[in-house]
Colleague: 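Dumping the structure here so I can ask a few things about it.
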There are 2 protein chains.
Amino acid sequence: MAAESPGIAFLLSQLGAQAATQFGARVEELGLTPPLVGVLRMISAQPGLSQQQLAGELGLLPSKVVAFVDDLEHRGLVTRTRGTRDRRVQHLTLTAGGTELLDEVIEVGARHEDAFCQALAPDERAQLKALLEHLARSHELAPGVHPGYRWIR
Amino acid sequence: MAAESPGIAFLLSQLGAQAATQFGARVEELGLTPPLVGVLRMISAQPGLSQQQLAGELGLLPSKVVAFVDDLEHRGLVTRTRGTRDRRVQHLTLTAGGTELLDEVIEVGARHEDAFCQALAPDERAQLKALLEHLARSHELAPGVHPGYRWIR
DNA sequence: TATTGTTATACTCTATAACTATA
DNA sequence: TATAGTTATAGAGTATAACAATA
């Protein structure tokens, strides 16, 4: 019955959705989606990782990884290389174009960050970031890995 | 090329998804989903509103509202009443059971809030909440209305 | 003719499970 | 027999547009 004002959890959910949507709109202009950005980031951080590893670390279904990598490969952003010891695995690496595009994504991300936080003064941003990092650590959220909105097991 | 650490926007997106997922798991035990909770909340805040109004305020498709209200009506949580002046509109109100269930949802929400922020001291929570409210206002997010994750036009 | 709510349909998206090739 | 990747398929979910009743 109490007309409750939204708490921290709801505000996070609201603002998080807003941030994700706006970021999605920005990377769309680069022909990407947020999940594809996550894939590029992960391959950049761990060049040569297999599709299984990628699926495991990002929480994606293997069949979905195939579709993503197909897409990125056809666009010349990623290469698949058969393993020499185990010829079943596909090792993933970024092409020069992929690295270039990821750099653009990072720039876009920086602009997004700045625009989204525009209302906050520098010291407020630092405060907020510290609090959010604290909270994220307490929930054991891997830095840079998005929990996604449906593929939680 | 820079190995950037996640910024505020990404942390918000990460934590927001986590908060939403955990809240969804809690209300699932009450037989509800987050969107259904939003519908119940809105009807409680504006008893007698029409389905069109509900769709407009929550950003839902009219056909989706029909499905939601069908569901809630069949469970005896909401009633439809034809308008007397304009017999096309359906006025929505909560039943006693609906109000009761919403009260439970609010309790669940309070427990969720507390659990989610467990790592933060009371003064940190107050700080964080103030910063988030500031940010939410700057993005013109209506208090209590979730922007959702797909139905942005 | 326009609007409210409803229904039907076409479309996309996701998950599951078969399938192949290697091991 | 088990595993990495791939393909195919069935199911769920979504948006679009047709529809009936009322204005």
Side-chain angles (χ1 to χ4, degrees), chain A residues 17 20-21 24-25 28 31-39 42-43 46-74 78-93 146-153, chain B residues 17 20-21 24 27-28 31-39 42-43 46-74 78-93 146-153:
Chain A
T21 302
E28 192 179 6
L32 294 172
T33 62
L36 282 177
V37 169
V39 170
M42 188 60 71
I43 299 175
Q46 302 180 40
L49 90 171
S50 71
Q51 295 189 191
Q52 285 283 336
Q53 289 173 305
L54 184 62
E57 303 221 30
L58 253 39
L60 296 168
L61 292 170
S63 58
K64 192 115 219 201
V65 170
V66 173
F68 283 155
V69 174
D70 278 353
D71 183 4
L72 296 173
E73 191 182 38
H74 291 146
V78 162
T79 56
R80 281 191 245 233
T81 315
R82 282 276 169 208
T84 47
R85 292 193 298 194
D86 186 340
R87 295 179 38 73
R88 289 173 303 181
V89 316
Q90 300 270 35
H91 297 289
L92 304 174
T93 48
H146 199 286
Y149 292 84
R150 21 208 85 264
W151 29 284
I152 311 277
R153 92 210 63 258
Chain B
T21 302
V27 296
E28 191 179 7
L32 294 172
T33 62
L36 282 177
V37 169
V39 170
M42 190 59 73
I43 299 175
Q46 301 182 39
L49 90 171
S50 72
Q51 296 188 189
Q52 286 283 337
Q53 287 174 307
L54 184 61
E57 303 222 28
L58 253 39
L60 296 168
L61 291 171
S63 57
K64 191 116 220 199
V65 169
V66 172
F68 283 154
V69 173
D70 278 352
D71 183 2
L72 296 172
E73 190 181 38
H74 291 146
V78 161
T79 55
R80 282 191 244 233
T81 315
R82 282 275 170 209
T84 47
R85 292 194 298 194
D86 186 339
R87 295 181 36 76
R88 290 174 304 182
V89 316
Q90 298 272 35
H91 297 287
L92 305 173
T93 48
H146 200 287
Y149 292 85
R150 24 207 85 263
W151 29 282
I152 310 276
R153 95 211 74 253

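Just so we're on the same page: letters track the sequence lines, and every chain starts at 1.
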Colleague: Taking CD from A:Gln52 and P from D:dT3, how many angstroms apart are they, rounded to a whole number?
Modeller: 10 Å

Colleague: Taking DNA chain C as the partner, which of residues 78-89 of chain A come within under 4.0 angstrom of it by heavy atom?
Modeller: A:Arg85, A:Asp86, A:Arg87, A:Arg88

Colleague: Atom CD of B:Gln90 and atom P of C:dT3: how far apart are they, to the nearest Å?
Modeller: 19 Å

Colleague: Look at the side chain of A:Gln46 and the backbone N and O of A:Ile43, then say whether any donor-acceptor pair between them is shorter than 3.5 Å.
Modeller: no

Colleague: Could you tell me which residues satisfy salt bridge (charged side-chain N to carboxylate O under 4.0 Å, His left out) with B:Glu57, sequence neighbours excluded, listed by chain and number?
Modeller: none

Colleague: How long is the line joining CZ of B:Phe68 and P of C:dT6, in whole Å?
Modeller: 14 Å

Colleague: Calculate the interatomic distance between B:Leu92 atom CG and C:dG5 atom C1'; express it in whole Å.
Modeller: 11 Å

Colleague: Rounded to whole angstroms, how far apart are NE2 on B:His91 and P on C:dT4?
Modeller: 12 Å

Colleague: Under 3.5 Å, is there a donor-acceptor pair between the side chain of A:Arg82 and the main chain of A:Arg87?
Modeller: yes

Colleague: What's the closest nucleotide to the B:Pro62 side chain, out of D:dT16, C:dT6, D:dT7?
Modeller: C:dT6

Colleague: Does a nitrogen or oxygen in the side chain of B:Gln53 sit under 4.0 Å from OP1 or OP2 of C:dT4?
Modeller: no

Colleague: Does B:Ser50 reach a base, just sugar-phosphate, or nothing at all? Heavy atoms under 4.0 Å.
Modeller: sugar-phosphate

Colleague: According to a strict under-4.0 Å criterion, is B:Lys64 in side-chain N/O contact with OP1 or OP2 of D:dT14?
Modeller: yes

Colleague: Please give, in whole Å, the distance from D:dG13 P to B:Asp71 CG?
Modeller: 12 Å

Colleague: For B:Gln51 and D:dA20, give me the distance from atom CD to atom C1', rounded to whole Å.
Modeller: 15 Å

